[in-house]
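For reference, the structure discussed in these notes is given below.
Side chains are part of it too, since the values below use all heavy atoms of this structure and drop only hydrogens, waters and symmetry mates.
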Amino acid sequence: MTSQNAVHKQPVLQGYDDAMITLSDQAIDWLVHLQSDDASDHDRAAFAQWRTLSDAHAKAANDAEALFFGVDETSNAREWSGVPEVSKPTPNTHRFRRRKLTSAHPVKLVGRRITYLAASLCAVLALVTVGAIGNSDPWARWQADYATAVGAFETVSLPDGTIAHLNTASAFSIDYSGGVRRIELATGEVIFDVAKDPEHPFIVEAAGGEAMAVGTSYGVRIDDDQVKVTVQEGIVEVGTGTGNSIRLTAGEQGSYRAGYAPSLNNDADLAAYGSWQRGKLIFNSRALADVIKEVQRYKSERIIIARDELRDLKITGVFETSELDALLSSLAQTTTAKVVRLPLLTVIY
């Protein structure tokens with residue numbers, strides 16, 4: 001991906017050094033393989049032995065399981081031993097490995113191809129007409145104090161010592177006047193490791209609401225007209241000026257829309273949150289429509305699903321953000337979907 005010009009600037013997760021990152025990547029690779037049809041009892045036994053090589057190996061294995069399987073526990077909350085019980089893919093779930101594909105053989109489509117291609121061409125004309133090509137606000141990024149391009153990541157240190165991790169196509173500005181550290185998030189997603197300063201609250205404003213903390217670690221993400229606030233450490237108060245606010249603690253996620261009271265997201269996939277900081281996207285039985293919506297954030301061209309029956313197709317896998325073209329290509333090899341790449345447009349039908 002030409003837009004992935006900052007993929008090598010991935011920030012290190014809190015509590016992880018370079019050696020731990022390497023072990024964590026190895027653990028994720030193990031789990032992806034064990035979810036495939038190629039996995040054998042010997043492989044499962046080998047992974048069980050691998051995780052016993054050291055405490056660091058065990059932590060990497062447990063954390064990888066939390067990320068991949070979406071369990072709401074961490075390695076600090078539970079101990080695991082023995083051979084992992086890995087379920088086989090269900091018929092409506094397609095599992096991928098990075099580079100190597102593991103799900104069913106492709107099924108060729110016949111008929112209606114011309115119809116879908118014609119519809120796709122009409123779609124691209126409509127997109128160009130309304131100026132819908134693209135997935136972010138370049139003007140907002142140009143005006144902001146800090147910004148990343150589509151597909152790029154960056155970690156910056158703010159004047160107060162707060163560390164900000166910017167995801168793809170993200171932008172924010174700062175105002176540290178009046179005794180308050182105020183952030184205005186214009187687009188995208190940022191995770192803030194807030195420098196402790198009880199005398200100066202840290203407030204992130206986004207799309208008609210705000211999230212306030214003193215010293216903590218939390219992320220704020222704008223999704224269309226919805227804002228999601230995810231707390232990794234400490235306590236964050238979220239409000240929209242409606243008179244009702246909520247307090248989020250570590251491991252919780254809330255969301256809001258402008259003019260409506262915020263609410264707790266009980267179905268949030270918190271285990272995989274922030275995996276983009278390590279250049280990975282993790283999907284655990286996610287609908288193809290949701291997967292493509294997430295991938296769209298990292299791609300400059302428009303991606304559309306032309307067949308409604310494909311939107312609920314379940315996808316499971318771990319993908320590098322620098323190799324998302326491989327994800328799109330694999331759809332044609334492992335499912336009944338076809339993928340057509342056009343200038344500024346990718347069509348899945």
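Of all non-hydrogen atoms in Val190 and Ala164, the two that sit nearest each other are CG1-CB, 3.9 Å. Contact between Tyr273 and Gly219 at its shortest, heavy atoms only, is OH-CA, 3.2 Å. Considering all non-hydrogen atoms of both residues, Arg307 and Thr336 come closest at NH2-O, 3.3 Å. Of all non-hydrogen atoms in Val347 and Ala306, the two that sit nearest each other are CG1-CB, 4.0 Å. Scanning all heavy atoms of the two residues, the minimum distance from Leu248 to Gly254 falls at CD1-N, 3.5 Å. In this structure, Gly179 and Pro201 approach most closely via the heavy-atom pair O-CD, 3.7 Å.
Judged purely by atom type and a 3.5 angstrom limit, Thr168 uses its side chain to pair as donor or acceptor with the backbone of Gly151. Of the possible donor and acceptor atoms, none in the side chain of Ser173 sits under 3.5 Å from a partner among the backbone N and O of Ala144. In this structure a side-chain-to-backbone donor-acceptor pair under 3.5 Å is missing from Arg311 to Ala289. Under a 3.5 Å cut-off, the side chain of Asp145 and the backbone N or O of Ile174 do form a donor-acceptor pair. One N or O on the side chain of Arg181 and one on the backbone of Ala195 form a donor-acceptor pair closer than 3.5 Å. Side-chain N or O atoms of Ser285 include none that pairs as donor or acceptor with a backbone N or O of Thr316 at under 3.5 Å. Judged by distance alone, the side chain of Gln226 and the main-chain N or O of Asp223 form no donor-acceptor pair under 3.5 Å.
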key: CA sep, side-chain torsions, deciding dist, call: Tyr298, Val295, side chain to side chain contact (heavy atoms under 4.5 Å, CB included)   = CA-CA 6 Å; Tyr298 299 83; Val295 170; 5.7 Å; no

key: Intermediate values then yes/no, salt bridge (Lys or Arg N to Asp or Glu O under 4.0 Å), Arg341 and Glu301   = CA-CA 10 Å; Arg341 310 294 291 270; Glu301 73 267 24; 3.3 Å; yes

request  = Could you please spell out the steps behind the side chain to side chain contact (heavy atoms under 4.5 Å, CB included) verdict for Ser217 and Ile191?
outcome  = CA-CA 7 Å; Ser217 178; Ile191 295 177; 4.3 Å; yes

request  = Please assess His165 against Asp193 for the test side chain to side chain contact (heavy atoms under 4.5 Å, CB included), listing each intermediate value before the final yes or no.
outcome  = CA-CA 8 Å; His165 308 288; Asp193 297 330; 2.9 Å; yes

task = With side chain to side chain contact (heavy atoms under 4.5 Å, CB included) as the test, would you mind laying out the steps for Val340 and Leu345 before giving the verdict?
result = CA-CA 8 Å; Val340 175; Leu345 179 69; over 6 Å; no

task = Just do the salt bridge (Lys or Arg N to Asp or Glu O under 4.0 Å) check on Glu294 and Arg286 with the steps written out, would you?
result = CA-CA 11 Å; Glu294 187 65 23; Arg286 292 277 298 277; 5.3 Å; no

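Put simply, NZ on Lys299 and OG1 on Thr321 are 11.0 Å apart, with the number rounded to the nearest 0.5 Å. One distance of note links OG1 of Thr346 with CD1 of Ile305; it measures 11.5 Å at 0.5 Å rounding. Interatomic distance, CZ of Phe153 versus CZ of Arg278, reported as 12.5 Å (0.5 Å rounding). One finds the NZ atom of Lys228 at 5.5 Å from the CD atom of Gln253 (value rounded to the nearest 0.5 Å). Taken from CG in Asn62 to NE2 in His57, the straight-line distance is 13.0 Å, to the nearest 0.5 Å. Remark: Leu327 CG to Ile315 CD1 distance equals 7.5 Å, nearest 0.5 Å.
Hydrophobic clustering keeps Met212 apart from Val227 (ILVMFWY residues linked when any side-chain heavy atoms are closer than 4.5 Å, directly or through intermediates). Under a hydrophobic-cluster definition in which Ile, Leu, Val, Met, Phe, Trp and Tyr are linked whenever side-chain heavy atoms come within less than 4.5 Å, directly or via other members, Ile163 and Phe192 are assigned to different clusters. Linking ILVMFWY residues whenever their side-chain heavy atoms come closer than 4.5 Å, directly or via other members, places Phe172 and Tyr176 in the same cluster. Criterion: ILVMFWY side-chain heavy atoms under 4.5 Å apart, direct or through other members. Under it, Val231 and Leu264 are part of a common hydrophobic cluster. In the hydrophobic clustering of ILVMFWY residues, with side-chain heavy atoms under 4.5 Å counting as a link, Ile235 and Val238 come out apart.
Annotation: side chain of Thr335 is not in contact with side chain of Leu288 (no heavy-atom distance under 4.5 Å). Contact of the Leu328 side chain with the Ile348 side chain is registered, since non-hydrogen atoms from C-beta on lie closer than 4.5 Å. Counting heavy atoms from C-beta on, the side chains of Ile246 and Ser263 never come closer than 4.5 Å.
Partner of Glu210 under the side-chain contact (heavy atoms from CB on, under 4.5 Å) criterion, out of Leu185, Ile183, Ile203: Ile203 alone. When the options Lys293, Arg257, Arg297 are evaluated for a salt bridge (charged side-chain N to carboxylate O under 4.0 Å, His left out) with Asp224, the one that passes is Lys293.
Grouped with Tyr260 in a hydrophobic cluster is no other residue, since no side-chain heavy-atom contact under 4.5 Å to another Ile, Leu, Val, Met, Phe, Trp or Tyr is found.
The aromatic rings of Tyr218 and Phe202 sit perpendicular, their planes meeting at an angle over 60°, well past the 30° parallel limit. Between Phe283 and Phe319, the ring planes lie tilted relative to each other; the angle falls in the 30° to 60° range.
By the 4.0 Å N-to-carboxylate-O rule, Arg44 lies close enough to Asp41 to be salt-bridged with it.
Counting heavy-atom neighbours within 6.0 Å of Glu237 CD, excluding the residue itself, gives a total above 12.
No side-chain N or O of Thr148 forms a donor-acceptor pair with one of Glu154 less than 3.5 Å apart.
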